[in-house]
> 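I'd like to ask you about the structure that follows.
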There are 2 protein chains.
Amino acid sequence: MKNFNFHTPTKILFGKNKVSEIGPEIKQFGSRVLLVYGGGSVKKIGLYDQVVEQLRNHNLFFVELSGVQPNPRITSVREGVRLCREHKLDFILAMGGGSVIDASKAIAAGVNYQGDPWDFPMRKARVENPLPIGTILTLAATGSEMNGNAVITNEETQEKRGMASDLLKPKFSVLDPVYTFSVNRYHTAAGTVDMMSHLFENYFAPGEGTFVQDSIAEAILKTCIKYGPIALEEPENYEARANLLWAGSLALNGLTVTGKLMGDWATHAIEHEVSAIYDLTHGAGLAIIHPVWMKYVLNEKTAPKFARMARNVWNVDDPNDLSAAEKGIDAIRKFFSSLGMPATLSEVNIPDEHFEEMGQKACVFGPIGTFKRLNADDVVAILKKAI
Amino acid sequence: MKNFNFHTPTKILFGKNKVSEIGPEIKQFGSRVLLVYGGGSVKKIGLYDQVVEQLRNHNLFFVELSGVQPNPRITSVREGVRLCREHKLDFILAMGGGSVIDASKAIAAGVNYQGDPWDFPMRKARVENPLPIGTILTLAATGSEMNGNAVITNEETQEKRGMASDLLKPKFSVLDPVYTFSVNRYHTAAGTVDMMSHLFENYFAPGEGTFVQDSIAEAILKTCIKYGPIALEEPENYEARANLLWAGSLALNGLTVTGKLMGDWATHAIEHEVSAIYDLTHGAGLAIIHPVWMKYVLNEKTAPKFARMARNVWNVDDPNDLSAAEKGIDAIRKFFSSLGMPATLSEVNIPDEHFEEMGQKACVFGPIGTFKRLNADDVVAILKKAI
């Protein structure tokens, strides 16, 4: 187990009607709020009205930034930064899923930075003195509500890149499972895949002696496997939605990666290149690519870790590591398919046209992946196997 | 799943030589330190010298309170409060196991409180405006390094009582597995039992739909079962010590109880009465009482939860809940015995002389336990079965 720091200062307010507690939480940090959200769904489910009521009841001035899209764009971030400066805002409240939260983080980082906020994902600037943010989550998937990560898309350059800073961890996050009742089948499935994929990225990572972390990852995976299908069939099943929502936060708040050098994240990097060009739902892209990546990196050396997951999570009963690993990966593919997720790029009408470009862009800072280092050719090979 | 808040602001500094990072951490909160520790073990393992060097290097003034005993006493707390006031100290650094950390919390609470610090455990006062504390942990067991709880003993009245406040959560905790290498067999075993007992207290608690929390508890239990015996045989096995140390923090930082009304804690309450009179090692007392409590509260209604743990943690293969539960409890007893822990009060020379008194004191604020409510007669019955 490697040395680590673990710090999750985000206060989680979990459960029914917890949004009624945001006023005093915000007031600890600011009084002039940028309220960030996406489309009309937060209005349809009544969340928008509840939040506005809370802000007014607590005399909190606010300005709105709406229309943040999935795969959030740097243009939205720039607009948010402009609004914060113009209105001298001092707190950002994100209301939505990962895209809205990620955009809010980039805005928070950008307000007190003199350059362009795209500098952060491009590693040209470090986050310093960001605005504090709070989140109200409406989708079980991202984990962004309890960590310092964000992924932003530059629509001009067709690039999708991550940024991270401990300073961007939200001050509080409201997790009310009821707000996820209206998430449709497709996005419920994609969200479940997304959180499972986060667990895979940290599980299949270099490092010895992280039994407790990996066992916790297995526990959260079992939660996804148990409740993902229930939430698809019974969208208003509180128990299923609650377990998925909390699982999503725990999957990516550091618990499962502490003690390792870092997660692998090659699959996410590859998926980002695909969805930067094709605007594919992130979880659907991961459902296609993650099992392909697994088979690509499976060998005698990596087999024991795949076999461990196969036995502990997927109930594979096979003493041979290599064949147990194969069966485990097949079980993952089968599970994703059972959720209605695509298994190939062809299914979502993505041709091989830009594969070389994707490979180059994925490796623009050098080889990707830590469990197995991948270069641009590897990325192209994986994409070809995903056709 | 019930509504909950989850907030673990304690920054964990985990790994070899992490003590070298305490200076800047302390300086965020104060400059005049009360350094609290127990006997000579922190000097023997070199920790004391390392800490003093760090304090001096960072120009941090400090005063020492040493001699804090297991089952820490209110007299030590009062002395600590006196020292903080006399020297105008503004930060408390606890260096040791749960007893030292718990005493430090009570001191932190007492400094700015005008009454006697025993008022906190006696529920006569609420914690307000405590001094900030940091901890350097030397024993895998307590969980106190990452939560707001403390247990204090009043040697005059022979009472041992808990106190809790979110405000008492440490600002940082250093967890260096190397400092636990010198923990002897007996205390390594008792510490392992202690953390398993914390998991049991939260697992066997009322509440439905907490699958993810209970699965995480099972993951941490499996870690204890795997590494407890290894640490006994190979006290300098870093992997074993590291997994146990982190497991101990995760077992009681809120992760396994969120979404439930609260844990059961009857077994701890009963053990506290025993060790308040006999100064028994906490973990040894728990090893005796927890399996007895389990059999006492096992019935058709509670059997499914016991059976779940039996199957998932103890590999019991029995479709009948009641008999699976029995087998699981037997496996727990057997495991504790394999660690060299006592199974009966007779083994540790505790007679039935004070059982009635223990029953009364355990229930001084009313019945105990949430999984099954127990009155004084129940406590006496459990103690008699533990003879």
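The chains referred to below are lettered A, B, ... by the order of the sequence lines, with proteins before strands, and numbering in each begins at 1.
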> For the CG atom of A/Leu250 and the CD atom of B/Gln213, what is their distance to the nearest 0.5 Å?
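So the gap between those two atoms works out to 8.0 Å.
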> Looking at A/Lys2, A/Glu208, A/Lys16, which one has more heavy-atom pairs under 4.5 Å with chain B than the rest?
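Result: the option with the highest number of such pairs is A/Lys16.
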> Check B/Met1 against A/Phe14 and note the closest heavy-atom contact, atom names and distance.
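Answer, listing the atom of B/Met1 first, then A/Phe14: SD-CE2, 3.6 Å.
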> Shorter than 4.5 Å, heavy atoms on both sides: which option in B/Gly259, B/Gly209, B/Ala240, B/Ala247 has the most such pairs with chain A?
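Most heavy-atom pairs within the cutoff with chain A belong to B/Gly209.
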> Mind ranking B/Glu21, B/Lys222, B/Glu218 by heavy-atom pairs under 4.5 Å with chain A and telling me who comes out on top?
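Of B/Glu21, B/Lys222, B/Glu218, B/Lys222 has the most heavy-atom pairs under 4.5 Å with chain A.
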> Assess whether side-chain contact (heavy atoms from CB on, under 4.5 Å) is satisfied between B/Ile12 and A/Thr258, documenting all intermediate values.
CA-CA 10 Å; B/Ile12 298 294; A/Thr258 55; over 6 Å; no
> By a 4.5 Å heavy-atom criterion (distance strictly below it), what part of B/Lys18 contacts chain A: side chain, backbone, both, or neither?
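Contact with chain A: side chain only.
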> Please verify the inter-ring angle class for A/Phe211 with B/Tyr227; under 30° counts as parallel, over 60° as perpendicular, anything in between as tilted.
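Aromatic pair A/Phe211/B/Tyr227 classed perpendicular.
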> Looking at CZ of A/Phe4 and CG of B/Leu13, how far apart are the two atoms once the value is rounded to the nearest 0.5 Å?
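With rounding to 0.5 Å, CZ (A/Phe4) is 10.0 Å from CG (B/Leu13).
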> Hey, is the main chain of A/Lys11 close enough, under 3.5 Å, to the side chain of B/Asn5 for a donor-acceptor pair?
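Here the side-chain-to-backbone pair does not exist.
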> Of all heavy-atom pairs between B/Gly15 and A/Asn3, which one has the smallest distance, and what is that distance?
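Minimum heavy-atom separation between B/Gly15 and A/Asn3: CA-OD1, 2.9 Å.
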> Taking side chain as everything from C-beta outward and backbone as N, CA, C, O, which of these in B/Leu244 sits under 4.5 Å from a heavy atom of chain A? Side chain, backbone, both or neither.
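Neither part.
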> Which pair of heavy atoms, one from A/Val212 and one from B/Asn243, lies closest together, and at what distance?
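Smallest heavy-atom distance, with atoms named: N-OD1, 2.9 Å.
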> Look at the side chain of A/His7 and the backbone N and O of B/Thr10, then say whether any donor-acceptor pair between them is shorter than 3.5 Å.
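No.
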> Tell me if the CG atom of B/Asn57 is crowded by more than 12 foreign heavy atoms within 6.0 Å.
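Counting other residues, nucleotides and ligands, CG of B/Asn57 exceeds 12 neighbours.
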> If you look at every heavy atom in B/Ala219 and A/Ala219, which pair is closest and at what distance?
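Of all heavy-atom pairs spanning B/Ala219 and A/Ala219, the closest is CB-CB, 4.4 Å.
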> Any chance you could measure B/Ile216, atom CD1, to A/Trp246, atom CH2, to the nearest 0.5 Å?
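Interatomic distance, B/Ile216 CD1 to A/Trp246 CH2, rounded to 0.5 Å: 8.0 Å.
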